[in-house]
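Here the structure is a predicted model, which is why all the values come from computation and not from measurement. The basis for the numbers below is simple: all heavy atoms, side chains too, and nothing from hydrogens, waters or symmetry mates.
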2 protein chains.
Amino acid sequence: MPVAATRGASSTRERILDAAESLFIEHGYAATSLRAITTAADVNLAAAHYHFGSKFDLLAAVFHRRIEPVERGRLEALDALERQEAPFSVRDVVYAFLSPMYGAEADDLLDVLPDLIGRIYAEPESLTKPLLEGEFSGVAGRYLTALGQALPDVPPAELRWRFHFTIGAMIQLLRFRAPLGLTAERADFVGSLDRLVDYVVAGLEQERTS
Amino acid sequence: MPVAATRGASSTRERILDAAESLFIEHGYAATSLRAITTAADVNLAAAHYHFGSKFDLLAAVFHRRIEPVERGRLEALDALERQEAPFSVRDVVYAFLSPMYGAEADDLLDVLPDLIGRIYAEPESLTKPLLEGEFSGVAGRYLTALGQALPDVPPAELRWRFHFTIGAMIQLLRFRAPLGLTAERADFVGSLDRLVDYVVAGLEQERTS
DNA sequence: GCTAAATTTAAACGGTCGTTTGAATGAATC
DNA sequence: GATTCATTCAAACGACCGTTTAAATTTAGC
């Protein structure tokens, strides 16, 4: 019976999480076996079930470990934006949403997060839906509200669509990094983020000139 | 020889393709077994290997059957655009790219295509890369050239990025149809496409006003 | 109608899968 | 030192996997 070992983190647990993370990213969930995970982690096969209960719960734990700080950072950035007195722009909101990937402490985060989010989004909906709803539910709503304040003339339904496409452009960057035929060095990722911001701000604002 | 028995009973080959298509869409490639496919198709298990050689080749056949008409339509629409004498706009190019999903004959296409493309794009790269390169290689290059003519002041590398994000927004629509909290009826898909066009044209042109 | 090729069939191949078991190990408590 | 309990371990469970085989059946050509 799993009893919460709140004491020092078990290194077995962490090694399983690390190995599962990199293998899930590379081959996807269904194509990654617990045997491959526990072998890479150099732990016994049964340890995975002992610590996580099931393969799906292991995936959820892998996802939560990385996404929780990002979601917290997004909420804090939005809090800070809303506390300031001057009205904020669409660009401000977009920057707040991407702030966890810009910050200095994002250095170790960027090693894994983009690939992981990209992979999770790529799994069949039956797998991802419980994960995404659990992790993203609150944040999306708050950012939609903020976007509505920055774009008061855009109907809410229309705004949801534009936010929808924005997520798509972001996922495309996270999954494939660079367009076909272009290489993106690890150091260029912030530059890629800047390009993403320009693109999605234009799409969100849609200041048609023609 | 197989007389055109197009009505009622379809061939073993087609029944396998149909069953594989819907199961791949629903559960993904790795999570779908050949036994599930051949059972749903009501054919013998070995028939899948007899007609297609391997599970991967079956996936390629499923993909090719649907994507080939789309790619052909995209090339024809671009041909028509380039034949006309007046210079074309970014919006013209985007419409040409999406034209196979607008046309009247797209009615039966829209039943499956969005889900299938979305699912293919969601598979691990090791699976999708051989498929996408085989099917999409030529079309992407020609559309990049056309976009460059419509946006002569944008450097080619920058244009590739914007096209990259555009694909992402399109995939997001194909995969999830509507944003969370909004429902999109089957008949609304053309309306969703119009919203997508507005969004990506703004992102591609990026006529910054601030 | 016979023959030969094309297709379908049942059965099995060797492996890998997620999960479970029960005993061995380790560390802390009394 | 004995007890307790969380953790690790080797081993096995039944199930399902993709693929192959060889015989049975259907189809087409003559």
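Taking atom CG of residue A:D57 and atom P of nucleotide C:dG18, one finds them 14 Å apart after rounding to whole Å. For the pair A:Y50 OH and D:dT8 P, the interatomic distance rounds to 7 Å; values are reported in whole Å. In this structure, A:L58 atom CG and C:dC17 atom P are separated by 15 Å, rounded to whole Å.
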(request) Would you mind building the protein contact string for nucleotides 11-22 of chain D? One character per nucleotide, 5' to 3', B for base within reach (heavy atoms under 4.0 Å), S for sugar-phosphate only, - for untouched. (result) -B----BBBBB-
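Cation-pi geometry between B:R162 and A:Y199 is not satisfied (NZ or CZ under 6.0 Å from the ring centre, within 45° of the ring normal).
Just one residue in the list B:D92, B:I167, B:T166 forms a side chain to side chain contact (heavy atoms under 4.5 Å, CB included) with B:F97, and that residue is B:I167.
At distances below 3.5 Å, not a single donor-acceptor pair connects side-chain atoms of A:R160 with backbone N or O atoms of B:P179.
Checking the phosphate oxygens (OP1, OP2) of C:dT8, a side-chain nitrogen or oxygen of B:T12 falls inside 4.0 Å. Between B:H51 and C:dA6, a side-chain N or O to OP1/OP2 separation shorter than 4.0 Å is absent.
A pairwise comparison of heavy atoms in A:L151 and A:L204 identifies CD1-O, 3.5 Å as the closest pair.
Separation of the B:Y102 and B:Y95 ring centroids falls under the 6.0 Å cut-off.
By the 30° and 60° cut-offs, the orientation of the rings of B:F165 relative to B:W161 is tilted.
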